Amino acid sequence: MSVMDQDQRLYPSCHHKTTVSRDPSDIHELNKQPLQDLILASHAVLEKAQQSGRLKCSKCGGSRMFFCYTCCSLVGVSVQEIPLIKLPVKMDIIKHPNETDGKSTAIHAKILAPNDVTIYTYPCIPEYENDKVVLVFPGQGAVSVEDMMQYLGDRSNKRSHDTFDELPIKRLKSEEVQGATHVATNPESGASDEEKSLKSRLYPLEKVVFIDSTWNQTNKISTDERLQGLLQVELKTRKTCFWRRQKGKPDTYLATIEAIYYFLKDFHQHYLTQDYNGEYDNLLFFYSYLHSVVNKAKTSAGKY
């Protein structure tokens with residue numbers, strides 16, 4: 001039975017924090033809610049869709065609610081009614097072939113940030129440049145998001161230095177003379193080569209890779225030789241609030257959409273030199289709603 005079958009039955013909906021009832025039980029539930037401070041688009045559209053019940057996907061005919069996790073398309077909700085998010089860096093998600101589509105939160109990212117998220121099914125893995133791509137996955141040698149750019153910069157500088165040493169001496173002297181007299185400009189972008197080079201050094205990250213599978217299945221993908229050269233990044237201080245916790249695993253093992261969200265939040269705060277004002281909170285648009293529905297159902301069933 002999929003996550004939609006198990007967790008999206010027609011329980012009484014839990015409203016956005018600005019409209020939560022203030023009776024004692026609701027206040028107790030709100031205090032336990034780890035997602036309560038998010039700046040989100042209104043969940044009213046999801047509440048309405050939930051009341052209408054499950055519908056058939058127009059593409060595959062499957063019975064779905066909110067979206068089809070097989071076709072990556074909305075069901076009973078229009079694209080104009082949900083938030084669409086522009087990410088500062090591209091995301092690749094490598095999905096285990098045995099991962100149940102209905103249990104995966106990776107689809108949330110693809111629907112909410114369609115232009116910046118790509119999902120591949122293992123063993124399909126793109127070719128990556130090791131000094132421009134990171135793998136978000138815990139393990140020995142993994143670094144924090146805060147330290148990530150320094151490591152990438154060191155890798156990029158080393159590659160540039162090695163390439164520089166290989167250039168013919170005559171070519172270097174010629175380029176030095178030309179560089180002393182003018183700065184080349186890209187006619188299409190209007191940015192000088194020097195400016196583009198500076199931007200590349202300051203912001204070498206081009207793509208972030210995530211693994212989407214149960215934690216017991218991750219080893220096959222994480223040890224694939226095509227990912228071995230990537231810098232590993234670990235979100236060591238974040239804790240999951242996923243309702244499908246995996247027995248025996250630490251609470252720092254995050255659901256895929258949680259990992260994407262927390263990575264971007266840390267990246268924004270450390271490298272975009274801007275205060276974080278909820279720019280990526282809507283990545284948890286579906287996740288936070290389902291979290292509230294499941295928790296409220298458990299409370300009603302006396303499981304808390």
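Everything numeric here is computed off the predicted structure, so don't read it as measured data. Only heavy atoms go into these numbers, but all of them, side chains included; no hydrogens, no water, no symmetry mates.
Checked by atom type and distance alone, the side chain of K90 pairs as donor or acceptor with a backbone atom of N115 at under 3.5 Å. For the pair Y287 (side chain) and F242 (backbone), a donor-acceptor distance under 3.5 Å is present. No donor-acceptor pair under 3.5 Å is formed between the side chain of S104 and the backbone N or O of D101. Within the 3.5 Å criterion, the main-chain N or O of L264 finds no donor-acceptor partner in the side chain of Q269. Without hydrogens or angle criteria, Q150 side chain to D147 main chain gives no donor-acceptor distance under 3.5 Å. Using a distance-only test at 3.5 Å, with no hydrogens or angles considered, no donor-acceptor pair links the side chain of H270 to the main chain of V145. Remark: the backbone N or O of H96 is not paired with any side-chain donor or acceptor of E99 at under 3.5 angstrom.
For the salt bridge (Lys or Arg N to Asp or Glu O under 4.0 Å) with K207, the qualifying choice from D131, D116, D92 is D92, the only one to do so. For the side chain to side chain contact (heavy atoms under 4.5 Å, CB included) criterion with S213, the lone passing option out of T256, T218, N219 is T218.
Judged by distance alone, the side chains of T70 and R64 do bring a donor and an acceptor atom under 3.5 Å apart. Judged by distance alone, the side chains of Y271 and D266 never bring a donor and an acceptor atom under 3.5 Å apart.
Applying the salt bridge (Lys or Arg N to Asp or Glu O under 4.0 Å) definition to pairs two or more places apart or across chains, none involves residues 284-294.
Y289 and F286 fall within a single hydrophobic cluster, where Ile, Leu, Val, Met, Phe, Trp and Tyr side chains are chained together by heavy-atom contacts under 4.5 Å.
In this structure, CD1 in I85 is found 5.0 Å from CG in L112, a value given to the nearest 0.5 Å. Separation of atoms CD1 (I260) and CG (L254) is listed at 11.0 Å; rounding is to 0.5 Å. Here the CG atom belonging to L152 is positioned 10.0 Å from the CG atom belonging to L230, to the nearest 0.5 angstrom. Between the CG atom in L55 and the CZ atom in F66 there is a gap of 10.5 Å [rounded to 0.5 Å]. If you take NZ on K95 and NZ on K110, they are separated by 14.5 Å, rounding to the nearest 0.5 Å. Distance check: L227 CG to I94 CD1 gives 6.5 Å after rounding to the nearest 0.5 Å.
Between I93 and A109, the shortest heavy-atom distance links the atoms CD1-CB, 4.4 Å. Between A106 and I119, the shortest heavy-atom contact is O-CD1, 4.0 Å. Of all heavy-atom pairs between K59 and C71, the closest is CB-SG, 3.7 Å. When every heavy atom of N282 is checked against every heavy atom of L40, the shortest pair comes out as OD1-CA, 3.4 Å. Heavy atoms only, all atoms of each residue included: L84 and P114 are closest at CD2-CD, 4.1 Å. Of all heavy-atom pairs between F285 and A41, the closest is CE1-O, 3.6 Å.
Using a 4.5 Å heavy-atom cutoff, the side chains of T252 and K236 are not in contact.
H268 is linked by a ring-ring contact (aromatic ring centres under 6.0 Å, His included) to Y276, Y280, counting only residues two or more places apart in sequence or in another chain.
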_Test log, rule side-chain contact (heavy atoms from CB on, under 4.5 Å), inputs Y69 and K103_ = CA-CA 9 Å; Y69 42 76; K103 295 181 179 179; over 6 Å; no
*asked:* With side-chain contact (heavy atoms from CB on, under 4.5 Å) as the criterion, how do Q232 and S222 come out once you've worked through the C-alpha distance, each side chain's angles and the decisive distance to 0.1 Å?
replied: CA-CA 10 Å; Q232 280 188 225; S222 64; over 6 Å; no
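Under a cut-off of 6.0 angstrom, the local environment of CG in N98 is crowded, with over 12 non-hydrogen atoms contributed by other residues, nucleotides or ligands.
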